[in-house]
Q: 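Here it is: the structure, laid out below.
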There are 2 protein chains.
Amino acid sequence: MAGRGGMAGLKQVQRQTGVALWRQIADRIREAISTGAYDETGMVPPETMLALQFGVNRHTVRSALAALAQEGIVRAVQGRGTLIERKERLNFPITRRTRFTAGIGDQAREMRGLLLDEAKEEASAEIARWLGLKPGEQVIRLETLRQADKRPVSRATSWFPAKRFAGIGAAYRAGESITKAFAELGLPDYVRATTEVTAAHASAADMADLELTPGAILLIAKAMNTDLEGMPVQYSISRFAADRVQFTIEN
Amino acid sequence: MAGRGGMAGLKQVQRQTGVALWRQIADRIREAISTGAYDETGMVPPETMLALQFGVNRHTVRSALAALAQEGIVRAVQGRGTLIERKERLNFPITRRTRFTAGIGDQAREMRGLLLDEAKEEASAEIARWLGLKPGEQVIRLETLRQADKRPVSRATSWFPAKRFAGIGAAYRAGESITKAFAELGLPDYVRATTEVTAAHASAADMADLELTPGAILLIAKAMNTDLEGMPVQYSISRFAADRVQFTIEN
DNA sequence: TATGGTTGTCTATATCAATAGACATTTTAA
DNA sequence: TTAAAATGTCTATTGATATAGACAACCATA
């Protein structure tokens, strides 16, 4: 028995599906780069070889490579080939002590957390349930963008009980981290209680914030943090650029 | 301050991106259905309204709805509207005692696990590392397809130490579950050690197995299970149809 | 310096995606 | 019975996608 699993064999791209061939090919090459398939040479195979491999015209491959060059992943050099510029995928551990900045701190030189927006609002039924509040109680919502080495990694919306964490927006803007903002407001430690992970296509807003192209994938983590007594302190929905991260769960 | 977060505002679909408008719209509507946006009526808004909302021609919306009908998510009825047929998303808890069948057992009537292929092979460096073997030692690889109510949910490739689990293919085929197969072979209990989660576009093979369309998203879980002494017993790569599942991590 | 291998550019053609408009068909409700 | 609202079908046109071929420009190396 054999024939399934692993090996290519099947046609790798499909026509008439609403997704252009050049985009399907770009997605496959991006994936191959991030898994280290071309590490030996540091280059993508020649256009003619890729065209043969995917069963398309060389021009179609060129469209795919142009898109990847636009993303800054490869750089074509006439006469030599197409060089790989960037291939990282940040690992993001999800544990009881999950922290964004510390979690990937050693995998990137510069971590930043930008506050895009802050608002005080009434808790919806869902937010209230997660934070252990009554619907309509005041919560503070923060819209944040997290970057690693100037490259956007995730876009998060977080809610906090307004009474307990007044001023968390300013604290976040100053420290660029939830952990530091909590510490500033008198909460030295907290733990991750639950995390729900899904995946979806990027919306237009996420494309803009995370510098993605249509068809791009998001890993979505809905998380609830509590203080050490088990009282909810934060509920957040984080949208990660899926080709830049992986989650690790250690049990 | 306001304006970000939540509300639409921006153009929801983009042109000249390699992803056809009708597919982008289909993805948005599928997502809206699964989050319960149309639960009040049980129907999708009229085609003319969707066309207005997305800023496209009615025919383009019709292409999107035709694709969703093809997937069995909606059903158009002339004169009435477009009815929502299915909107479930299975929850899959990832804990120390993660088991596929038990995990979603109460969310579906009929759970099945089909053995697609079985092979004995030499462990690659990566597989050997995960299973605590020397590269080249014999392992058994199982290719399985898991279904909930006859709908494919995930496609998994699993490796087991060949010496300890000879005959696991037959045991899986009989019991349609890893847990039962392990029990059959004298391992009554085991635990999930680590799980890595990523997302990617579906390959052609996955599209076929999971009945997906191009552009569809996979949630990929790479998991290692051990026996109660901490000895690795299984390494697996499971590819889930992202629009049918969510993962939950309880810390 | 010559050659082979590679990316860059151009022209031409066929197919798919998207818009536009008109009208038919079916259901629901006035 | 009628009208309104919804999906179904058809024709026509435009722009994006994909193929095909030819050749130029550039790089590394023999």
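The figures that follow rest on heavy atoms only: side chains count, while hydrogens, waters and symmetry mates do not. Protein chains get the first letters and strands the later ones, always in sequence-line order, with residue 1 at the start of each.
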Q: Quick check: do A:His201 and B:Glu31 have side-chain heavy atoms less than 4.5 Å from each other?
A: no
Q: Let me know the distance between CZ of A:Arg80 and C1' of C:dG8, rounded to the nearest Å.
A: 16 Å
Q: Does the side-chain hydrogen bond (donor to acceptor under 3.5 Å, both in side chains) test come out yes or no for A:Arg146 and A:Ser154, once each step is laid out?
A: CA-CA 5 Å; A:Arg146 299 181 281 202; A:Ser154 82; 2.9 Å; yes
Q: Rounded to whole Å, how long is the line connecting atom CG of A:Leu68 with atom P of C:dT7?
A: 13 Å
Q: Is any side-chain N or O of B:His59 under 3.5 Å from a base N or O of C:dG21, one able to act as donor and the other as acceptor?
A: yes
Q: Ignoring the backbone of A:Ala20, work out which of D:dA18, D:dA25, C:dA24 is nearest its side chain.
A: D:dA18
Q: Considering only NZ, NE, NH1 and NH2 on the basic side and carboxylate oxygens on the acidic side, decide whether B:Glu143 and B:Arg155 come within less than 4.0 Å.
A: yes
Q: In whole angstrom, what separates A:Leu50's CG from C:dG5's C1'?
A: 15 Å
Q: Whole-Å distance between C:dT6 P and A:Glu47 CD?
A: 10 Å
Q: What nucleic acid atoms does A:Ser63 come within less than 4.0 Å of, heavy atoms only: base, sugar-phosphate, or nothing?
A: nothing
Q: Would you name the heavy atoms of A:Ser236 and A:Ser158 that are closest together and state the gap between them?
A: CB-OG, 3.3 Å
Q: Tell me whether the OP1 or OP2 atom of D:dG8 has a side-chain N or O from B:Arg62 closer than 4.0 Å.
A: yes
Q: Can you find a donor-acceptor N/O pair under 3.5 angstrom joining the side chain of B:Gln78 to the base of D:dA6?
A: no
Q: Could you check A:Arg58 against A:Gly79 and say which one's nearest nucleotide on DNA chain D is further toward the 5' end?
A: A:Arg58
Q: Is any side-chain heavy atom of B:Phe247 closer than 4.5 Å to a side-chain heavy atom of B:Phe240?
A: yes
Q: Nearest-Å distance, CG (A:Asn57) to C1' (C:dT11)?
A: 14 Å
Q: Whole-Å distance between C:dC16 P and B:Trp22 CH2?
A: 13 Å
Q: Round to the nearest Å and state the distance from B:Arg23 atom CZ to C:dC16 atom C1'.
A: 14 Å
Q: Taking atom C1' of C:dT19 as reference, at what distance in whole Å does atom CG of B:Leu21 sit?
A: 11 Å
